[in-house]
Amino acid sequence: MALNIPGLVSLSVFFTFTLATGIWASWKSKKDQQNRNPTEMALVGGRNINVCIGLFTATATWVGGAYINGTAEIVYLPSKGLLWVQAPLGFALSLVIGGFFFVNPMRSKNYVTVMDPLQETYGNVMGSLLFIPPLLGEMFWFAAILASLGATMRVILDIGGSLAIILSASTVILYTLLGGLYSVAYTDVIQLVFITLSLWVCIPFAMVNSATESIYYTATHEYYQDPWIGKIEKQYLGRWLDDFFYLVLGSIPWQTYFQRVLSAASPGQARFISYLSGLGCFLMAIPSVLIGAVAASTDWNKTSYGLPSPYERGESAMVLPFVLHYLCPAYVSIAGLGAIAAAAMSSADSALLSASSMFAHNIYRKILRKQVLGYKGEVLWAMRISMLVFGAGAAGLAFYSSSVYDLWFLSGELVYALLFPQLCCALFVPSTNTYGSAAGFLVGLLLRLLAGEPALKIPPVIHYPG
């Protein structure tokens, strides 16, 4: 396979256009900074993000590279199928529950980050401890997104994954550094539109390919593999429910979510953005579901990919780019690559901004530099420097993609087990205190680690039922 020059040129144009949009948004934010605090503009957009932009950026935050690739992969896997695709419904319910219960107490008190109520209730020391799981989660998420994008570019463009990681990370860091939330929000609009159009353009070509059987038939009939509709066997019901609650409740206590709703002009607008983005997140999964169904309905021996199939080669995670590359014309697969790149960048910039926002506001300003009254310029510089450090660290981790995914999932579980209960208590249980927070943190951490973790080679001590 030779270097795909048209694809490389197209992707370069997309990256340039995204960067230009981010730079324009940073100029717009500076123009709007008159009589506004520059650090507040970077963190929460001056609480002036309109409903339309807020809807796009909140949806794009969840519809990332892992979301569209992972959805297609699970539909394709013979052992899983559509009934195991939990992320679309889980994230949608998460955004609805967040809007119904969490947005009003957070936005009405003008909090800046998800850590604010925790520090206010439990103190700075306990707040610093609770800061660690989401920080690691954001960094590992950023790294996993970059690794996925690098692997995709290697398939379609035949370029080194390391080059793709470096280019993507540099672009995201640069425009996020320049404009903060404004740049992230406006580039999210471009990226979400690009994801939608590109994937829907690819689907008809993949479905009518001569190597592909009707997905309506293979949904319920065994053809090249088990039906892609899937099934939930009784012995796995406990695992299915556990994963589902993890997605629904564990997706709430993330700064990527609250950064969007806290930037809205009012609590009512914030709730509206949260509800609508839940619907948008669910609908955005449809193209990936169809692509996964096509992959499960394809005789790969009739394509240049050949046999054994992606599942038998252990390459199921790459099934979406495989469908784009082997079942679509070259110019169409390039459009699909743009969708994957857009999805990756829309989540990567959110993770980078979230991690740096929490560090600058909750650690630097509230703990390291208590004497800094209000929002001074040095807090903004602390945010920018932390962006560079976190971004470079995540890009470095992306080269170890196999372990990064495991670490990201583990850190997400820790956020669910440790941070979600703490946030609920801080917002809804007035009698909670630092001692209770510390006890809950230690017990939750202990119970999770005693369940074992293969990624860290920790054997299970407690075997939980189901």
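Reckoned from all heavy atoms, side chains included, excluding hydrogens, waters and symmetry mates. None of these values were measured; they are calculated from a predicted model.
For the residue pair S274 and V261, the shortest heavy atom distance occurs at CB-CG1, 4.3 Å. Shown here for I195 and A343, the closest heavy-atom pair between the two residues is CD1-CA, 3.4 Å. The nearest pair of heavy atoms linking I203 to P287 is CD1-CA, 3.5 Å. G391 approaches F142 most closely through the heavy-atom pair CA-CE2, 3.9 Å. Across all non-hydrogen atoms, the minimal contact from I252 to G98 is CD1-N, 4.3 Å. For A339 against I68, the heavy-atom pair with the smallest separation is O-CD1, 4.3 Å.
A distance-only check finds a donor-acceptor pair linking the side chain of S198 to the backbone of A335 [under 3.5 Å]. Judged by distance alone, with hydrogens and angles left aside, the side-chain atoms of Q259 form no donor-acceptor pair with the main-chain N or O of L181 at under 3.5 Å. A donor-acceptor pair under 3.5 Å is absent between the side-chain atoms of S168 and the main chain of I165, judged by distance alone. Side-chain atoms of T59 do not come within 3.5 Å of backbone N or O of G280 as any donor-acceptor pair. A donor-acceptor contact shorter than 3.5 Å links the side chain of R107 to the backbone of A264. Of the possible polar contacts, one joining the S356 side chain to the L353 backbone as a donor-acceptor pair under 3.5 Å is found. Checked by atom type and distance alone, the side chain of T16 pairs as donor or acceptor with a backbone atom of S12 at under 3.5 Å. A donor-acceptor distance shorter than 3.5 angstrom exists from the side chain of R47 to the backbone of L262, with no hydrogens or angles considered. No donor-acceptor pair under 3.5 Å is formed between the side chain of T176 and the backbone N or O of I173. A donor-acceptor distance shorter than 3.5 angstrom exists from the side chain of W84 to the backbone of K231, with no hydrogens or angles considered.
Heavy-atom contacts from other residues, nucleotides or ligands closer than 6.0 Å to CZ of F272 number 12 or fewer. Around CZ of F282, the count of heavy atoms belonging to other residues, nucleotides or ligands within 6.0 Å does not exceed 12.
The shortest distance between side-chain heavy atoms of M106 and P117 falls below 4.5 Å. Using a 4.5 Å cut-off on side-chain heavy atoms (C-beta onward), F131 and L118 make no contact. In this structure the side chain of F194 never reaches within 4.5 angstrom of the side chain of Q191, judged on heavy atoms. Taking 4.5 Å as the limit, every side-chain heavy atom of T61 sits out of range of all side-chain heavy atoms of Y257. Two residues are said to be in side-chain contact when any heavy atoms from C-beta on lie closer than 4.5 Å; N104 and R271 meet this criterion. Between P88 and Y67, some side-chain heavy-atom pair lies under the 4.5 Å cut-off. Between L442 and L446 there is no side-chain heavy-atom pair separated by less than 4.5 Å. At least one side-chain heavy atom of W62 sits under 4.5 Å from a side-chain heavy atom of L95.
Under the 6.0 Å cut-off for aromatic ring centres, F102 and F428 qualify, their centroids lying closer than that.
For the atom pair CG of D243 and CD of E413, the computed distance is 8.0 Å after rounding to the nearest 0.5 Å. Within the model, atoms OH of Y275 and CD1 of I273 stand 12.5 Å from one another, a figure rounded to the nearest 0.5 Å. Taking CD from Q269 and CG from L55, the interatomic distance works out to 12.0 Å, rounded to the nearest 0.5 Å. Rounded to the nearest 0.5 angstrom, Y175 OH and T18 OG1 are separated by 6.5 Å. Atom CG of L43 sits about 8.0 Å away from atom CD of Q255, to the nearest 0.5 Å. Between the CD1 atom in I286 and the OG1 atom in T71 there is a gap of 11.5 Å [rounded to 0.5 Å].
Classification of the F390-F359 ring pair by plane angle, with boundaries at 30° and 60°, yields perpendicular. Ring geometry for W27 versus W24: interplanar angle of 30 to 60°, hence tilted. Under the 30°/60° scheme for interplanar angles, the aromatic rings of F420 and Y416 are found to be tilted.
Of the candidates K109, K366, R365, D116 forms a salt bridge (charged side-chain N to carboxylate O under 4.0 Å, His left out) with just one, namely K366.
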Which is it for F91 and V63 under the side chain to side chain contact (heavy atoms under 4.5 Å, CB included) test, yes or no, and what are the steps along the way? CA-CA 10 Å; F91 286 163; V63 183; over 6 Å; no
Start with the C-alpha distance between L320 and S288, add both sets of side-chain angles, then the distance that settles side chain to side chain contact (heavy atoms under 4.5 Å, CB included), and finish with yes or no. CA-CA 8 Å; L320 188 143; S288 292; 4.1 Å; yes
Stepwise, does the side chain to side chain contact (heavy atoms under 4.5 Å, CB included) test hold for L418 with R448? CA-CA 9 Å; L418 305 180; R448 174 59 190 88; over 6 Å; no
Apply the test side chain to side chain contact (heavy atoms under 4.5 Å, CB included) to residues L423 and L419: give CA-CA distance (whole Å), side-chain angles for both, the deciding distance (0.1 Å), then the verdict. CA-CA 6 Å; L423 181 63; L419 206 62; 5.6 Å; no
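Side-chain atoms of E378 and Y364 include a donor-acceptor pair closer than 3.5 Å. Under 3.5 Å, the side chains of Q422 and S437 contain a donor-acceptor pair of N or O atoms.
Residue pairs meeting the salt bridge (charged side-chain N to carboxylate O under 4.0 Å, His left out) criterion with at least one partner in residues 254-266, sequence neighbours excluded, are D188-R260.
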